[in-house]
Amino acid sequence: MPAAPQFHSDFLRTFVARGAYYDCSGPEALDAMFAKERVTAYIGFDCTAKSMHIGNLVQLMTLRRLQQAGHRPILLMGGGTTKAGDPSGKDETRLILSPAQIEENKQSMLSGVRHLLKFGDGPSDAIMVDNAEWLDRLEYIPFLREVGRHFSVNRMLTMDSVRLRLEREQPMSFLEFNYSIMQAYDFVELYKRYGCRLQSSGSDQWGNVVSGIDLGHRLANVQLYGLTTPLITTSSGAKMGKTAQGAVWLNKDMLSVYDYWQFWRNTEDGDVGRFLRLFTDLPLDEIARLEKLEGAELNEAKKVLATEATALLHGRGEAEKAADTARRAFEEGANAEGLPTVSAKLPDGILNLAVACGLAASNSEARKLIANNGLKLNDVAISDPRLTVDASALGADGVLKLSSGKKKHVLVKPA
């Protein structure tokens with residue numbers, strides 16, 4: 001990661017202090033622009049799923065920090081670019097989604113995150129725009145003549161999103177090959193429409209950002225800028241947000257508030273301070289105090305992280321309810337209301353049940369849990385992987401509790 005310059009503008013200094021900075025173009029000029037004017041900046045999100053996930057959260061927090069510093073964020077939804085598919089980091093072509101699917105995904109994604117920003121007509125109020133507004137209306141030959149002529153195929157072949165795919169001998173469609181041009185065109189269009197001078201993104205998008213800066217010079221004779229965030233990995237080197245059960249979704253209809261709280265509670269010790277800076281609005285001096293805690297006290301800092309990160313996304317009341325549910329389940333051993341609840345047909349084998357509840361990815365993984373005394377039924381360790389669970393395991397409340405280790409609990413009710 002490049003060393004951060006010594007910035008003077010409030011936003012960039014905060015951005016560095018929060019651990020969100022990776023690199024930028026024209027650092028001195030960008031710093032001067034932030035110091036003297038209200039900057040309009042954008043980040044784009046393609047509509048490939050029903051919900052954004054935790055990998056998107058650094059970018060969403062960047063927009064939030066921009067607005068907190070008095071600047072104007074643009075949340076760009078990629079209704080147009082989704083039709084091509086971003087090849088970055090992919091080994092195969094994305095599935096082609098219909099316009100109806102893309103629109104449904106867009107609305108669902110927005111429902112889970114739009115409250116992170118204040119939208120409106122004020123000078124620093126956020127703008128939500130869909131690039132389908134201009135990309136869908138482009139005429140092919142005029143677009144090639146006006147925009148395509150400024151792109152060198154030689155250079156495009158050296159971009160990571162293309163080069164890595166080719167090196168792995170994975171096919172890349174001509175549709176995907178155009179993605180970089182479309183993203184660059186977005187930047188120029190947002191400048192023309194809203195005076196947008198900055199694109200922020202993850203560091204893996206740097207080539208696309210530079211293409212937009214270059215196109216701004218060629219088409220509009222304007223200096224545009226790029227600002228990137230690092231790829232977030234855990235202290236153990238794992239990609240942040242990847243779990244055995246899949247992505248950590250931001251919409252609560254795809255991941256319960258309780259499970260979201262638990263994700264943060266299970267943060268590795270070495271990541272607590274870093275994640276508090278990146279993913280909460282807690283003051284930096286309070287974070288400095290929390291990250292110095294050790295031993296059992298560090299678990300209290302993890303609970304603060306879990307509650308603050310959950311409150312930011314789902315509201316303070318929901319976060320405190322999740323924290324209380326966890327306290328009752330872990331510290332009191334109670335079948336607390338608010339634990340994730342699944343319906344399952346009983347009787348069923350314990351291995352199948354563990355997989356159905358998301359406590360194990362496979363029957364073999366469930367067997368390993370049992371061998372290590374890690375799988376519990378109503379807080380009692382299971383020793384026999386051939387166990388059949390039937391209605392006799394249900395409590396007075398009509399549910400049973402299945403646990404993996406000390407931190408993962410699910411309530412099961414008969415289907």
Side-chain angles (χ1 to χ4, degrees), residues 4-5 7-46 52 56-78 81 109-110 113-131 133-134 182-217 219-220 222-230 278-279 281:
F7 293 119
H8 301 287
S9 59
D10 289 342
F11 167 71
L12 287 173
R13 283 192 293 109
T14 298
F15 200 65
V16 171
R18 288 277 177 180
Y21 178 85
Y22 183 81
D23 202 357
C24 72
S25 65
E28 292 184 4
L30 180 63
D31 193 28
M33 183 172 72
F34 267 112
K36 71 181 181 182
E37 63 186 78
R38 178 177 288 109
V39 175
T40 298
Y42 93 95
I43 299 176
F45 301 90
D46 280 346
M52 293 194 194
N56 302 125
L57 197 54
V58 175
Q59 308 309 324
L60 291 165
M61 291 303 294
T62 296
L63 294 176
R64 185 176 174 88
R65 305 285 185 222
L66 279 160
Q67 189 166 58
Q68 289 171 338
H71 302 286
R72 183 170 66 159
I74 297 177
L75 177 63
L76 178 70
M77 300 304 295
T81 42
M109 289 169 69
L110 285 170
V113 302
R114 67 187 313 152
H115 55 279
L116 294 173
L117 301 169
K118 179 182 180 294
F119 290 86
D121 299 322
S124 62
D125 285 346
I127 300 167
M128 195 287 290
V129 64
D130 186 337
N131 60 18
E133 290 182 24
W134 52 85
M182 297 167 72
Q183 184 172 327
Y185 187 78
D186 282 346
F187 201 172
V188 178
E189 188 68 23
L190 289 170
Y191 166 72
K192 291 178 178 177
R193 292 182 179 222
Y194 304 104
C196 178
R197 299 281 303 280
L198 174 67
Q199 179 185 2
S200 186
S201 71
S203 57
D204 60 332
Q205 293 288 318
W206 182 248
N208 292 339
V209 174
V210 171
S211 293
I213 293 172
D214 183 60
L215 192 62
H217 279 300
L219 292 186
V222 63
Q223 179 62 61
L224 304 178
Y225 298 93
L227 175 67
T228 60
T229 59
L278 282 168
F279 301 113
D281 284 338

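How far CD1 of Ile127 is from CZ of Arg193: 11.5 Å, rounded to the nearest 0.5 Å. We find the CG-CD distance between Leu190 and Gln199 to be 8.5 Å, quoted to the nearest 0.5 Å. Taking CD of Gln68 as the reference point, atom OG1 of Thr14 lies at 9.0 Å (rounded to 0.5 Å). How far OH of Tyr194 is from SG of Cys196: 10.5 Å, rounded to the nearest 0.5 Å. In this structure, the separation between CG on Leu215 and CD on Glu189 is 11.0 Å, given to the nearest 0.5 Å.
Every residue two or more places apart in sequence or in another chain that forms a side chain to side chain contact (heavy atoms under 4.5 Å, CB included) with His8 is listed here: Asp31. Residues passing the side chain to side chain contact (heavy atoms under 4.5 Å, CB included) test with Ala41, sequence neighbours excluded: Leu66, Leu198. Under the ring-ring contact (aromatic ring centres under 6.0 Å, His included) criterion, Phe11 pairs with Phe15, Phe34, not counting sequence neighbours. Applying the ring-ring contact (aromatic ring centres under 6.0 Å, His included) test to Tyr42 and every residue at least two apart in sequence or in another chain returns Phe187. Residues passing the salt bridge (charged side-chain N to carboxylate O under 4.0 Å, His left out) test with Glu37: none are found, sequence neighbours excluded. Partners of Lys192 by side chain to side chain donor-acceptor pair (under 3.5 Å), not counting sequence neighbours: none found. Residues forming a side chain to side chain contact (heavy atoms under 4.5 Å, CB included) with Ser201 (at least two apart in sequence, or on another chain): Gln205, Val209, Thr228. For the side chain to side chain contact (heavy atoms under 4.5 Å, CB included) test, residues two or more places apart in sequence or in another chain that qualify with Val113 are Met52, Leu60, Leu116, Leu250. Taking the salt bridge (charged side-chain N to carboxylate O under 4.0 Å, His left out) definition, one finds that Arg72 meets it with nothing, sequence neighbours left out.
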Derivation and outcome, side chain to side chain contact (heavy atoms under 4.5 Å, CB included), residues Phe45 and Leu110: CA-CA 10 Å; Phe45 301 90; Leu110 285 170; over 6 Å; no
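Looking at heavy atoms from C-beta onward, Leu57 lies out of side-chain contact with Leu278 at the 4.5 angstrom threshold. For the pair Gln183/Ser211, no side-chain contact is recorded, criterion being any heavy-atom separation below 4.5 Å from C-beta on. For the pair Ile213/Gln223, a side-chain contact is recorded, criterion being any heavy-atom separation below 4.5 Å from C-beta on.
Contact detail for Leu63 and Leu75: the closest heavy-atom pair is CD1-CD1, 3.9 Å. Residues His71 and Val39 come closest through the heavy atom pair ND1-N, 2.9 Å. Nearest heavy atoms, Cys24 versus Leu227: CB-CD1, 3.9 Å. The shortest non-hydrogen separation linking Pro230 to Ala20 is CD-O, 3.2 Å. Of all the heavy atoms in Pro5 and Pro27, the pair that sits closest is CG-CB, 3.9 Å. Nearest approach of Ile43 to Ser200, heavy atoms of both residues: CG1-O, 3.3 Å.
For residues 114-129, the pairs satisfying salt bridge (charged side-chain N to carboxylate O under 4.0 Å, His left out) are Lys118-Asp125, with sequence neighbours left out. Residue pairs meeting the salt bridge (charged side-chain N to carboxylate O under 4.0 Å, His left out) criterion with at least one member in residues 56-66, sequence neighbours excluded: Arg64-Asp281, Arg65-Asp281. Legend: side-chain hydrogen bond (donor to acceptor under 3.5 Å, both in side chains) pairs involving residues 16-30, not counting sequence neighbours: none detected.
For Tyr191, the OH atom is loosely surrounded, since the number of other residues' heavy atoms within 6.0 Å does not exceed 12.
Judged purely by atom type and a 3.5 angstrom limit, Arg197 has no side-chain atom pairing as donor or acceptor with the backbone of Thr40.
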